[in-house]
2 protein chains.
Amino acid sequence: MLQYRKMSTMPRLAKNYRLVFDVVRKQGHGRHLATADVFRLVKRRRVGIGFTTVYRALAKLRDLGLISEIHLPGADSAYYEPAGDAHAHFRCDLCGSVKDIAYVPSKRVVAQLAQSNAIEVNDVILSLHGRCVSCRERESA
Amino acid sequence: MLQYRKMSTMPRLAKNYRLVFDVVRKQGHGRHLATADVFRLVKRRRVGIGFTTVYRALAKLRDLGLISEIHLPGADSAYYEPAGDAHAHFRCDLCGSVKDIAYVPSKRVVAQLAQSNAIEVNDVILSLHGRCVSCRERESA
DNA sequence: CTAGAAACTGAAAACCGTTTTCAGTTTTAG
DNA sequence: CTAAAACTGAAAACGGTTTTCAGTTTCTAG
Ligand SMILES: [Mn+2]
Ligand SMILES: [Mn+2]
Ligand SMILES: [Zn+2]
Ligand SMILES: [Zn+2]
């Protein structure tokens, strides 16, 4: 699970893959694009592109460690964001909005869990679920 | 999200729903049944039952808080286990096996995250991913 | 340059877990 | 008993994603 942080060390990408990457990267961190959002934005720049190609690009970029693919219980498609520091996600049960949460279980705790369970942990995924600010406001009205 | 821990306070369940509940409950904690596993085990006791009914039973039991439904990135169906204390799950990327992990972010940390992000957190889902013991052994051979 | 191999492309079809629809049957409440 | 509510199962639909196919484009030797 390599990660190319610098463009200089980044492998040469096909034109379309590059386009998909640019679309995801341009959102910056904290924005979470559903697969359908990526399609829409990519099509805006290259009308004829097939959704198969976009799926393949997303998979490759994910494998290269350039973007991260987010799966949240309750959401019905994957979400994408540029690769960056590990963090958790909050998803509103009511409106489906997704928000970054600056927290991740400490390395020490995870190492301890790995040891006591005799497993090798390569990834830790944390998601919070509940009601977002605006949904809480709207509901209390 | 109520939870009926005692049979005495448990609502009356239709025969089939009861059957599905028994199948899940009989596995005890620490066993994780994929939807297909539940079908198989239920059909063993009631041959003619339709999978639609099983899906409906699982949804209702989940809503009643009697069982918990687990969604793990990488797995292609839901898993079920009897309701119990909160815990995390480990899923082996290679063989797909699922294991309970006795850890959950502390109430204090979650409350702090909720406050600083102005969200209401109703659920915290933590999953670990990597290689299980047997897969590590098999790979090193 | 010129093969040939490897990577990429997009339409269409397949996939597959899950949900919905339909036309009933069974159970419950009064 | 009677009407409403809950439950049932077959079949069809759903929807995000993957696979297949028949090419086209790009890369790598030589
Ligand atoms: Mn994020
Ligand atoms: Mn468990
Ligand atoms: Zn919301
Ligand atoms: Zn394994």
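Note that these values count all heavy atoms, side chains included, but never hydrogens, waters or copies made by symmetry.
Distance from the side chain of B/R56 is smallest to D/dG9 among D/dC7, C/dG10, D/dG9. Comparing C/dT9, C/dT18, D/dG9 by their closest approach to the side chain of B/T35 singles out C/dT18. In the set C/dG10, D/dA11, D/dT18, the nucleotide with an atom closest to the side chain of A/Y55 is D/dT18.
Here the closest non-hydrogen pair linking B/Q27 and B/L41 is NE2-CD1, 3.7 Å. In plain terms, the two heavy atoms of B/A78 and B/E69 that are nearest each other are CB-CG, 4.1 Å.
Judged by distance alone, the side chains of A/H32 and A/D100 do bring a donor and an acceptor atom under 3.5 Å apart.
Heavy-atom nearest nucleotides on DNA chain C were determined for B/T52 and for A/R12, and the one closer to the 5' end corresponds to A/R12. In terms of position on DNA chain D, the residue among A/D76 and B/A57 whose nearest nucleotide sits closer to the 5' end is B/A57.
One can place CG of B/L19 at 10 Å from P of D/dG9, the figure rounded to the nearest angstrom. Distance CD (B/E69) to P (C/dT18): 8 Å, rounded to an integer number of Å. Across the protein-nucleic acid pair, B/L58 atom CG and D/dG9 atom P stand 14 Å apart, rounded to whole Å.
Backbone-only contact: A/A78 has heavy atoms under 4.0 Å from sugar-phosphate atoms and none from a base. Contacts of A/F51 with the nucleic acid, taken as non-hydrogen atoms under 4.0 Å apart, include base atoms. Using a 4.0 Å heavy-atom distance criterion, A/S77 is classed as a sugar-phosphate-only contact.
When the shell of 6.0 Å around CZ of A/R31 is examined, it contains 12 or fewer heavy atoms from other residues, nucleotides or ligands.
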